[in-house]
J.: 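Structure in structure tokens, see below.
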Amino acid sequence: MIRRAQRRKMATYPFKAIESKWQTYWESHKTFHIPVEVDTSNPKFYVLDMFPYPSGSGLHVGHPEGYTASDIVARYKRMRGFNVLHPIGWDAFGLPAEQYALRTGTHPRITTEKNISRFRAQLKSLGFSYDWDREVDTTDPDYFRWTQWIFLRLFERGLAYEAEVPVWWCDALGTTLANEEVIDGKSDIGGHPCERRKLRQWVLRITSYAERLLQGLEETDWPASTKEMQRNWIGRSEGAEIDFPIQDHADQAIRVYTTRPDTIFGATYMVLAPEHSLVGVITTPEALDGVTAYQSQAARKSDLERSELQNEKTGVFTGAYAQNPATGSLIPIWVADYVLATYGTGAIMAVPGQDERDWEFAEQFGLPIRRTVQPPEDFTGNAFTGDGPAINSEFLNGFHVAEAKSCIIDWLESEGKGTRKINYKLRDWLFSRQRYWGEPIPIVFEDGGAHALPDDALPITLPELEEFRPSGSPEGPLALATDWLHTINPATGRPARRETNTMPQWAGSCWYFLRYIDPHNTDVLVDPGLEKYWMPVDLYIGGAEHAVLHLLYARFWHMVLYDAGIVSTSEPFAKLVHQGMILGELEYTAWRNVNTGAWVCASKVMDGRERDSGDEVESVRIVEEVAEKVSDHFVLKEAPDIRLDVRAFKMSKSRGNVVNPDEIIEQYGADAFRLYELFMGPLEQVKPWSTRGVQGTFRFLRRVWMLLTERKIDDTSPSVEQLRVLHKTIARVSEDIESLRMNTAIAALMEFVNAAYKWSSVPRAIAKPFVLLLAPFAPHISEELWEQLGHSQSLAYVPWPESQAQYLVDEFVKVPVQVNGKVRATIQVAPDADKNQVLELAKSNKNVQRFLNNKPPRREIYVPGRIVNLVAA
RNA sequence: GCCGGAGUGGCGGAAUGGUAGACGCGCAGGUCUUAGGAACCUGUGUUCUUGCGAGCGUGUGGGUUCGAGUCCCACCUCCGGCACCA
């Protein structure tokens, strides 16, 4: 059955033959290759996709959404005369290939190559106009040579250092993981349990770029939400560091960081993080047992476990006291894990009156509370964190928060008790991984010291291994490659031991966009002249899941390269757009009581149970036809009091709602698929997939095909009306592509075809520009039609049609006539008609007169060509 | 809790403060056909009306305006991110 339908599709619109023909043509003619030595007097456009990790499961329909959008822009800009750089490559290091190697003994390189071939074939089957001669692969030694080279630049600038860092260690994976790779105490990949261990690690000093990473956002055209996420991640705050002298320890003070120095008169106790170095110094003998027990208990908890139990704050008194530098009074020093060792100084002055966490702690342990900001009269809460006049604060009394802050900081500074201080939440970047399938870090150890290898020793390639099992020690699998491990330090000529850590997957993606510019250069990372021409990336399209990490790390490396004089811009990505996630098809779900078999209203289902009876319920996927909408929700037609859940879910293997692009292309062709991916809705929006929707764009292409092949193309000169339709379409499509509104651009193309179907024939002078407009969206069918219209060359570089203003205005327009804001008639006038004539015509309409009660209106409004509004007397 | 974004037909969505629902899916009727799950044409927010036309309608309640999906205020719901960062 399906085959018969397919044959019919093929017969009327032979997309398979067309698509393979043109893919072959582009490949053999290198249509989209742009030479390294390019004519730099032309304007350039660099349109970049976030390169994929070539996973074993191939592309899903979410990938091609962003890729299609960028491809449309690339093809459009080429036709606009730009030199277009539109490359692709592979972010191919990573854990899955290594884990596969563990299970099967297959070398990660084999797996990676296989996956890349699959991805490459899939991307080619979609007809993307990448310059395949610029493909990069992060696992290629010719590529990671330069990743290592950048690491050496970081090292020599003091931005890469070793530290003993408490890190997440995952026994199952045999490696450490970054904070962001551990979710709820389990590894992001695989879901294995993880624990904290202190290990020697390479760390990148991203924090010294915190301020610039923050400031640089101002000059980028990025989604506001992404900038905001980066700002929050960097987490700049302004405040003060203040020293609190410790009783009986005259030589020691507790330094705290606070953003509210104005509340210091309300600091009634202090808290040290359990890991704080002074805990052991100040704790009194009587308190020692309790404090030690508390410390070891806290060490076993993860950050999450600490914060999960927010409501039950824990802590223990050290027996020691500090002196409040403002009031001079003695206040107790506690240890509590609600204070983080890793932020600020690891110690706080606790001001329960103005801080909810401190209030909670103070209440729990009976510590004094002293308000220093007057809350408003109607304030009913506990701690008051808003603005108000200072109270109980001696010389600060009466000042509002901002004033009080600067006043107290001036005082602290003049007394030598504190200083103004800016703090960031951003931490340095843990850069070590105890894995095999990553870039080796180009460092050797001799006499316990780390030494950079010289540039000419690069690339440091991975040794061949038979075993990929983690060594079980924090050293990782490379420690097992003894021949590789023991080497000579070229600087001294003496035996040395290689670094066995490798780089995290983020490393290769921090700079790949630079290598595309000059991919085969063996002398430098990128030729400076070419870099200056092509950078920055004009349009970067990729998922919002990279809003913080990849985009922050890449910006950091780029700023370092900028400081080192290697690149010419400090920000790499001028404009950034995130494609929205594509969900599975809309699902209609009914709920049924497992025990009784009766339907259960969705509003009564709680956590898999019926709310009233507590019985277990099961979900039943039902077809759309048996559902019905009643006011704002869906119910079963046969039982209107049974509400349904209707929504689309994220595609996942376990849910079984994954759509495979290969199957869609097989059935409808790449052009129809590309068109549907963007016709669904705005690029940046989350939207559900609908295979039936693909039929719509397929039908459209078939109509195009029949319009321009079966119907007669003739050489008559086009009518003014036909020219109007064409030029309006040109204007709409051009504007929509410029602003990435691909869905409405496609709608405009559809409207053109609908209009053209009403014509008896299509003049060649109309057909040609239309095919060019269609080309960025549906390149295969467009090339074929272009050839049939009598051209022997690809249309890829044919100039984009220009819209002519004279055809953008109609001779007559229909203008609605409102009375009191409601449409009562429509009149037909010339767009530039005289205002009074239009108003007279409007008022002469019978229906209008009826609603004006046959009296002259009190007010008359005419927006030329748009609307008449008459206000009745 | 905090910070973003979004709520429009049966569904995806469109709309410089100016006729709400373009375009597509679905549905209904028709044409052609041995056939239709193909193609083409017509219709399709909802209620009343034979028709002309009229009432209602963009999450809820207010407001600004000749005119509000669009601007302002308050609230509700959903999605995404962050979450003891002092």
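Numbers restart at 1 for each chain; the letters A, B, ... are given by sequence-line order, proteins then strands.
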J.: Can you tell me how far NE2 of A/H578 sits from NE2 of A/H546, rounded to the nearest 0.5 angstrom?
T.: 10.5 Å

J.: Can you check the distance between B/G4 and B/U47, where both ends of the measurement are the P atom (answer in whole Å)?
T.: 41 Å

J.: For A/K758 and A/G696, find the nucleotide of RNA chain B closest to each by heavy atoms; which residue's nucleotide sits nearer the 5' end?
T.: A/G696

J.: Syn or anti for B/G4, with syn set at within 90° of 0?
T.: anti

J.: Does A/N845 reach the main-chain N or O of A/N847 with its side chain, forming a donor-acceptor pair under 3.5 Å?
T.: yes

J.: Could you check which nucleotide pairs with B/G45 in any of the strands shown, counting Watson-Crick or G-U wobble with both distances under 3.5 Å?
T.: B/C56

J.: Do NZ/NE/NH1/NH2 and the carboxylate oxygens of A/E624 and A/R692 come within less than 4.0 Å?
T.: yes

J.: Would you say A/R859 reaches B/C66's phosphate, i.e. side-chain N/O to OP1/OP2 under 4.0 Å?
T.: yes

J.: Please determine, for the side chain of A/P682, which listed nucleotide (B/C40, B/A14, B/C25) has the closest atom?
T.: B/A14

J.: Once you apply the 3.5 Å cut-off to both distances, tell me the Watson-Crick or G-U wobble partner of B/A6, or none.
T.: B/U77

J.: For B/A83 and B/G13, measure between their P atoms and round to the nearest Å.
T.: 30 Å

J.: If I pick the C1' atom on B/C78 and the same atom on B/C72, what distance separates them, to the nearest angstrom?
T.: 24 Å

J.: Aromatic rings A/F361 and A/Y338: how do their planes relate, parallel, tilted or perpendicular, breaks at 30° and 60°?
T.: tilted

J.: Just checking A/Q685: base, sugar-phosphate only, or nothing, at a heavy-atom cut-off of under 4.0 Å?
T.: sugar-phosphate

J.: Provide the distance between the two C1' atoms, one in B/G61 and one in B/G29, to the nearest whole Å.
T.: 43 Å

J.: Rounded to the nearest 0.5 Å, how far does CG of A/L852 lie from NZ of A/K843?
T.: 9.0 Å

J.: If I pick the P atom on B/A6 and the same atom on B/C71, what distance separates them, to the nearest angstrom?
T.: 10 Å

J.: With a 3.5 Å limit on both atom pairs, tell me what B/U34 is paired to, counting Watson-Crick and G-U wobble, or say none.
T.: none

J.: How many Å lie between CG on A/L552 and P on B/G81, as a whole number?
T.: 18 Å

J.: Are A/E228 and A/R231 close enough for a salt bridge, meaning some N to O gap below 4.0 Å?
T.: yes

J.: Would you give the length of the straight line joining atom OG1 of A/T729 to atom CG of A/L774, rounded to the nearest 0.5 angstrom?
T.: 11.5 Å

J.: For B/G55 versus B/G1, give the span between their C1' atoms, rounded off to a whole number of Å.
T.: 46 Å

J.: Just one of A/Y13, A/F700, A/F777 clears the side chain to side chain contact (heavy atoms under 4.5 Å, CB included) bar with A/D671, so which one?
T.: A/Y13

J.: Below 4.0 angstrom from OP1 or OP2 of B/A54, is there any side-chain N or O of A/N847?
T.: yes

J.: Mind checking the P distance from B/G51 to B/U46? Whole angstroms is fine.
T.: 15 Å

J.: Classify A/S237 by what it touches in the nucleic acid, base, sugar-phosphate, or nothing, heavy-atom distance under 4.0 Å.
T.: sugar-phosphate

J.: Starting at CG of A/L678, measure out to CZ of A/R741 and round the result to the nearest 0.5 Å.
T.: 14.0 Å

J.: Check the orientation of A/W759 and A/F752. Use parallel for under 30°, tilted for 30 to 60°, and perpendicular for over 60°.
T.: perpendicular

J.: Searching all strands shown, indicate the nucleotide that pairs with B/U70 (Watson-Crick or G-U wobble; both distances under 3.5 Å).
T.: none

J.: Return whichever of A/Y676 or A/Y424 has its heavy-atom-nearest nucleotide of RNA chain B closer to the 5' end.
T.: A/Y676

J.: Where the side chain of A/R699 is concerned, which of B/G10, B/A86, B/G26 is the nearest nucleotide?
T.: B/G26

J.: Considering every strand shown, what is the Watson-Crick or G-U wobble mate of B/G51 when both distances are under 3.5 Å?
T.: none

J.: Is the distance from OP1 or OP2 of B/A38 to the nearest side-chain N or O of A/T12 less than 4.0 Å?
T.: no

J.: Please confirm whether the shortest side-chain N or O distance from A/R702 to OP1 or OP2 of B/A39 is below 4.0 Å.
T.: yes

J.: Please check this pair: side chain of A/Y257 against backbone of A/I242, looking for a donor-acceptor N/O pair closer than 3.5 Å.
T.: no

J.: So, is A/Q695 near the phosphate of B/C25, with a side-chain N or O under 4.0 Å from OP1 or OP2?
T.: no

J.: A/R824 side chain: which of B/A54, B/G4, B/A86 is closest?
T.: B/A54

J.: OP1 or OP2 of B/A86 less than 4.0 angstrom from a side-chain nitrogen or oxygen of A/Y343, does that happen here?
T.: yes

J.: Treat primed atoms plus P, OP1 and OP2 as sugar-phosphate and everything else as base, then score nucleotides 16-23 of chain B 5' to 3': B for base contact with protein heavy atoms under 4.0 Å, S for sugar-phosphate contact only, - for none.
T.: B-BB--BB

J.: Considering only atom C1', compute the distance from B/C27 to B/G12 and round it to an integer number of Å.
T.: 16 Å

J.: Tell me the interatomic distance from A/L678, atom CG, to B/G13, atom P, rounded to whole angstroms.
T.: 14 Å

J.: Are A/D221 and A/K227 close enough for a salt bridge, meaning some N to O gap below 4.0 Å?
T.: no

J.: Look at all strands and tell whether A/S690 reaches a base, only sugar-phosphate, or nothing, counting heavy atoms closer than 4.0 Å.
T.: nothing

J.: Between A/F634 and A/Y588, is the gap from one ring center to the other below 6.0 Å?
T.: yes

J.: According to the Watson-Crick and G-U wobble definitions, with both distances under 3.5 Å, which nucleotide is paired to B/G24?
T.: B/C11

J.: Base, sugar-phosphate, or nothing for A/F851, non-hydrogen atoms under 4.0 angstrom?
T.: sugar-phosphate

J.: Roughly how many Å is it from CH2 in A/W233 to C1' in B/A83, rounded to a whole number?
T.: 11 Å

J.: Under 4.0 Å from OP1 or OP2 of B/C40: is there any side-chain N or O of A/R703 that close?
T.: yes

J.: A/R647 has an atom CZ; how far is it from atom C1' of B/A6, in whole Å?
T.: 15 Å

J.: Below 3.5 Å between N/O atoms, which protein atoms pair up with nucleotides 48-50 of chain B? Just atom names and distances, please.
T.:
none

J.: Counting only side-chain nitrogens and oxygens, does A/K629 get under 4.0 Å of the OP1 or OP2 atom of B/C11?
T.: yes

J.: Picking from B/A86, B/C66, B/G12, which would you name as closest to the side chain of A/K687?
T.: B/G12

J.: Distance check needed: B/G53 P versus A/K846 NZ, whole Å only.
T.: 11 Å

